[in-house]
S.K.: 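The structure's right below; bear with me while I get my questions together.
Naming: A, B, ... by sequence-line order, numbering from 1 per chain.
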2 protein chains.
Amino acid sequence: MTKICDCGNDEFIAGVKKRMPDDDLIIDMSDLFKIFGDGTRLRILIALEKEEMCVEGISKTVDMSLSAVSHQLKVLKDAKLVKGRRSGKQVYYSLCDEHIFMLLKTAEEHLREERE
Amino acid sequence: MTKICDCGNDEFIAGVKKRMPDDDLIIDMSDLFKIFGDGTRLRILIALEKEEMCVEGISKTVDMSLSAVSHQLKVLKDAKLVKGRRSGKQVYYSLCDEHIFMLLKTAEEHLREERE
DNA sequence: TAAATAGTTGAACAGTTGTTCAATTGAATA
DNA sequence: TATTCAATTGAACAACTGTTCAACTATTTA
């Protein structure tokens, strides 16, 4: 008979809702994570952390076709995660923001710890 | 005539490759990010950071059907991000690991900074 | 200017994902 | 025990995603 769960109480739910970040921020967050959530893109980002590279170099490093890499670079560029600078025939890509790399490091460390 | 890009040099590529994390880790990382890359799951995680809740409570908080929430809870449970404890008719869910929450906070802060 | 090289782009396709709906399970209560 | 409530599960379906292929653009070199 006793109500254990407070979830029937609308005020309780409203209280939790109020403490959540606003919807726009949550959408932005999940969009950002979505970008990291693909192996090819993640490998491109990690590769670019090591070296600035042209598309062909990235393609060889991550073992993906030139076209596939170029498509993903566009996604990363649109998300302002990488930038390209043209030099002659090549376009050299690098990370926009080293800052974003803390995210990847944090995830990496978490998983490493989880492993042993 | 001068070769500007070092990407034609196989040793250069091999060098970058060697400095990358191994494939398994990259797959684990992208799998983790994939989970955060969905708005419903992200909202569930953020809600559970605030309060332990039963499925109906979560469902009301994130404005999704009971079934949709339950399906996503299974994904989160399989990934060891949340755990459930049964108490009577209800199952109460909470975060497995507050540690993982640093990731979300890092992303949130990054986006907040980017905004203004 | 013509050819070659580096990269981009759009359409198409297969594979994956998330939600809904209906059926089902598990626990408490009448 | 039969009923009710809370949650889970599986199938189906639509929407989305990532790769490939072919065509195209931009820059350099012959």
Side-chain angles (χ1 to χ4, degrees), chain A residues 1-9 13 26-27 30-45 48 52-79 82-94, chain B residues 1-9 13 26-27 30-45 48 52-79 82-94:
Chain A
M1 198 76 280
T2 46
K3 190 73 184 158
I4 303 161
C5 182
D6 220 4
C7 300
N9 177 357
I13 300 296
I26 292 184
I27 291 170
S30 66
D31 284 347
L32 185 60
F33 284 127
K34 223 169 275 175
I35 289 177
F36 295 143
D38 171 78
T40 303
R41 283 191 294 261
L42 200 52
R43 270 161 29 232
I44 292 175
L45 288 170
L48 292 181
E52 184 189 56
M53 269 188 287
C54 64
V55 183
E56 205 201 332
I58 299 169
S59 158
K60 284 181 184 170
T61 303
V62 305
D63 283 311
M64 284 282 153
S65 76
L66 216 83
S67 177
V69 168
S70 185
H71 276 295
Q72 298 301 358
L73 282 170
K74 179 167 169 34
V75 174
L76 296 172
K77 227 186 323 175
D78 289 348
V82 306
K83 58 179 181 294
R85 91 187 149 80
R86 176 145 228 147
S87 163
K89 282 189 219 170
Q90 279 105 40
V91 178
Y92 288 89
Y93 280 91
S94 57
Chain B
M1 197 81 276
T2 46
K3 190 70 184 159
I4 304 161
C5 181
D6 221 3
C7 301
N9 177 356
I13 299 296
I26 291 184
I27 289 169
S30 65
D31 285 348
L32 184 60
F33 284 126
K34 223 169 279 178
I35 288 177
F36 295 142
D38 172 76
T40 303
R41 283 191 295 262
L42 199 52
R43 270 162 25 231
I44 293 175
L45 289 170
L48 291 180
E52 185 189 56
M53 271 187 287
C54 65
V55 184
E56 206 200 331
I58 300 171
S59 158
K60 284 182 186 170
T61 304
V62 306
D63 284 309
M64 283 281 151
S65 77
L66 216 84
S67 176
V69 168
S70 186
H71 275 295
Q72 298 300 358
L73 282 170
K74 180 169 169 31
V75 174
L76 295 171
K77 227 187 321 175
D78 290 348
V82 308
K83 56 180 184 293
R85 92 189 147 80
R86 174 145 229 147
S87 166
K89 282 189 215 168
Q90 279 105 38
V91 178
Y92 288 88
Y93 280 92
S94 56

S.K.: If you only use heavy atoms from C-beta on, which nucleotide in C:dT19, D:dA6, D:dA7 is closest to the side chain of B:Met64?
M.R.: C:dT19
S.K.: In this structure, how many angstroms lie between the P atom of C:dT8 and the CD atom of A:Gln72, rounded?
M.R.: 13 Å
S.K.: Starting at OH of A:Tyr93 and ending at C1' of C:dA6, how long is that distance when rounded to a whole Å?
M.R.: 11 Å
S.K.: Check ring pair (Phe, Tyr, Trp, His ring centres under 6.0 Å) between A:Tyr93 and all other residues, then give those that pass, not counting sequence neighbours.
M.R.: none
S.K.: Would you mind reading off the distance between B:Glu56 atom CD and D:dT8 atom P, rounded to a whole angstrom?
M.R.: 12 Å
S.K.: When you get a sec, tell me which of C:dT9, C:dG18, D:dT8 is the closest nucleotide to the side chain of A:Ser70?
M.R.: C:dT9
S.K.: How long is the line joining CZ of B:Phe36 and P of C:dT17, in whole Å?
M.R.: 16 Å
S.K.: Nearest to the side chain of B:His71, heavy atoms from C-beta on, is which of D:dT8, C:dC21, D:dA7?
M.R.: C:dC21
S.K.: Output the rounded distance in Å from CG (A:Leu73) to C1' (D:dT19).
M.R.: 15 Å
S.K.: Mind checking what makes side-chain hydrogen bond (donor to acceptor under 3.5 Å, both in side chains) contact with B:Arg43, not counting sequence neighbours?
M.R.: none
S.K.: Specify the closest pair of heavy atoms between A:Arg41 and A:Lys34, including all atoms of both residues, with the distance to one decimal.
M.R.: NH2-O, 3.2 Å
S.K.: For a quick check, tell me whether the side chain of A:Ser67 and the base of C:dT8 share a donor-acceptor pair closer than 3.5 Å.
M.R.: no
S.K.: So which one's nearest nucleotide on DNA chain C is more toward 5', A:Leu66 or B:Lys34?
M.R.: A:Leu66
S.K.: Indicate whether OP1 or OP2 belonging to D:dG18 is found under 4.0 Å from a side-chain N or O atom of A:Arg41.
M.R.: yes
S.K.: Are the side chain of A:Lys77 and the backbone of A:Gly84 linked by a donor-acceptor contact shorter than 3.5 Å?
M.R.: no
S.K.: Please determine, for the side chain of A:Lys89, which listed nucleotide (D:dT8, C:dA6, D:dA7) has the closest atom?
M.R.: C:dA6
S.K.: D:dT19, D:dA7, C:dA6: which one has an atom nearest the side-chain heavy atoms of A:Ala68?
M.R.: D:dT19
S.K.: What is the distance from CD of B:Gln90 to P of D:dC5, rounded to the nearest Å?
M.R.: 12 Å
S.K.: Contact class for A:Ser65 (heavy atom, under 4.0 Å): base, sugar-phosphate, or nothing?
M.R.: sugar-phosphate
S.K.: In whole angstrom, what separates A:Lys83's NZ from C:dG7's P?
M.R.: 17 Å
S.K.: Among the nucleotides C:dA27, C:dG7, C:dG18, which one has an atom lying closest to any side-chain atom of A:Val55?
M.R.: C:dG7
S.K.: Between atom OH in A:Tyr92 and atom P in D:dA26, what is the gap in whole Å?
M.R.: 20 Å
S.K.: May I ask you to test the B:Met64-B:Ile44 pair for a side-chain heavy-atom distance under 4.5 Å?
M.R.: no
